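Data block below; observations after.
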2 protein chains.
Amino acid sequence: MPRPARFTHDDILDAALAGVVRHGPRVNVADIADELQGPVGSIYHRFPSRDALMVRLWLRSVERFQAGLAPLAALPDAHEALLAMARHIPQFCRTHPDEATCLTLFRQDRLLGEGPDELRDVVATMNDTVTALLAGVTRRRYGRVTKRHHHCVRMATVVAPYGLVRPYLGGPIPLLVDDATAAAADAILNLGDHPPRSG
Amino acid sequence: MPRPARFTHDDILDAALAGVVRHGPRVNVADIADELQGPVGSIYHRFPSRDALMVRLWLRSVERFQAGLAPLAALPDAHEALLAMARHIPQFCRTHPDEATCLTLFRQDRLLGEGPDELRDVVATMNDTVTALLAGVTRRRYGRVTKRHHHCVRMATVVAPYGLVRPYLGGPIPLLVDDATAAAADAILNLGDHPPRSG
DNA sequence: CGCATAATAGAACCAATATTCTAGATCGGG
DNA sequence: CCCGATCTAGAATATTGGTTCTATTATGCG
């Protein structure tokens, strides 16, 4: 009975993504409406505020990124599973360059502080699923899960790979990055086998 | 003969830095004036615009960061020199947490595109000195400087270390990060010894 | 003590932009 | 064919925040 919608939530998120990629994190809603080829009213019809829209966009990007991780964590050899998860990051950035850029432009901690109240919980728990995933593989890899193991795994599979691709976002990502990612991940994982005294 | 200045350039940059750390990259000049405990007029008396101020702040942070690098590049053993340069990053972030945060909040490419025209050259050439430094050590480490070597060295000494500390900025940086940095740098540097086929 | 100079001081201004509001369009069903 | 419901549409409004402007203050010198 109602008038059919011309724009879905995802349409608007897509427009916001395009806007962010083109104009940077400070895109204004007029530019987003431009990308949408629609009026700003339609944006506010679906999203209560610009901030909420941006947070939703970030959340969708994170979800899409995380979707590819679960199967890799299930690989039989735990060490190989962790390396595969590390490699997944540059691969994802190559196939989803825009979402990857979006992920780098907002930081979770800042969204937590500045984002709309009603989304705070969602943002906060966003990484819980990944943390749980990592905890499982960590136990399989090291036998037990100390704070040190936790950090090593996180650095090897998330932090280092992410850091390595970051400067290449916006352009082609050389395959060398994938090799560097795997090499770094392997080295950092092995760090977890030895006691704290650095050598 | 004139009235003595209450605020130096550096005072204002310090205030801007404090503002950026507290409010994020979108700090407004009123907040900066707040940190300065002075009026906005005094800020505009020294800097032509907010953008110019931010770029100057970024430049100062980069300079301070780079200052510690040169002596390390001169170490006799080239491989050790590169590892020392890698380790320098988490150390710098620990001793200069605010400047480090500032470095992560602005990206050179975006400053190039959006920053004031008169500063574009300065921004563009900012990394030339580091590139030159790296080129020298690269030659000593590998004997010659191919594109692949260049990338490996850059990833090992800058990109990976930077990426590894980034999520820890704003809080204490565990010493484990330094170990991970060195391990990753070593692994990536060794990648440069082998031909392109990954293994 | 005025005078010249350069800086502080903050209110006034104005442009950019997020948000709201009112009107009009589009559909299915009675 | 009109009605209710929902959405598009974009002009109007409000707010935020960068920049400018007009005092006013402090200093050294003649």
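Not measured: the values here are computed from a predicted model. Protein chains get the first letters and strands the later ones, always in sequence-line order, with residue 1 at the start of each.
One finds no salt bridge joining A:Arg22 and A:Asp31 here, because no Lys/Arg side-chain nitrogen approaches an Asp/Glu carboxylate oxygen to under 4.0 Å. The pair A:Arg60-A:Asp14 meets the salt-bridge criterion, with a side-chain N (NZ, NE, NH1 or NH2) lying under 4.0 Å from an Asp/Glu carboxylate O. At a threshold of 4.0 Å, the pair B:Asp179-A:Arg148 does not count as salt-bridged, since none of the basic side-chain nitrogens sits closer than that to a carboxylate oxygen.
The CE atom of B:Met54 sits 13 Å away from the C1' atom of D:dG18 (whole-angstrom rounding). When rounded to the nearest whole Å, the span between CZ of B:Arg26 and C1' of D:dG18 equals 14 Å. Taking atom CG on A:Asp31 and atom C1' on D:dG10, their separation rounds to 16 Å, with Å as the unit. The separation between B:His23 atom NE2 and D:dT16 atom C1' is 14 Å, rounded to whole Å. Nucleotide C:dT19 holds its C1' atom 13 Å from the CZ atom of A:Arg50, rounded to whole Å.
The shortest heavy-atom contact between B:Gln108 and B:Ala124 is NE2-O, 3.9 Å.
A:Glu63 is linked by a side-chain hydrogen bond (donor to acceptor under 3.5 Å, both in side chains) to nothing, counting only residues two or more places apart in sequence or in another chain. Scanning for side-chain contact (heavy atoms from CB on, under 4.5 Å) contacts around B:Arg6 gives an empty result, with sequence neighbours left out.
DNA chain C is contacted by A:Arg3, A:Pro4 of residues 3-16 of chain A, taking any non-hydrogen atom closer than 4.0 Å. Residues of residues 35-48 of chain B having a heavy atom closer than 4.0 Å to DNA chain C, listed by number: B:Pro39, B:Val40, B:Gly41, B:Ser42, B:His45.
Taken together through direct or relayed side-chain contacts under 4.5 Å among Ile, Leu, Val, Met, Phe, Trp and Tyr, A:Val20 and A:Leu119 form part of one hydrophobic cluster.
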Between the protein and nucleotides 13-16 of chain C, which nitrogen or oxygen pairs come in under 3.5 angstrom?
none

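The six-membered or imidazole ring of B:Phe65 lies near that of B:His88, with a centre-to-centre distance under 6.0 Å.
Under the 30°/60° scheme for interplanar angles, the aromatic rings of B:Phe92 and B:His96 are found to lie parallel.
Residue pairs meeting the ring pair (Phe, Tyr, Trp, His ring centres under 6.0 Å) criterion with at least one member in residues 102-140 of chain B: none, sequence neighbours excluded.
A donor-acceptor contact shorter than 3.5 Å links the side chain of A:His151 to the backbone of A:Lys147.
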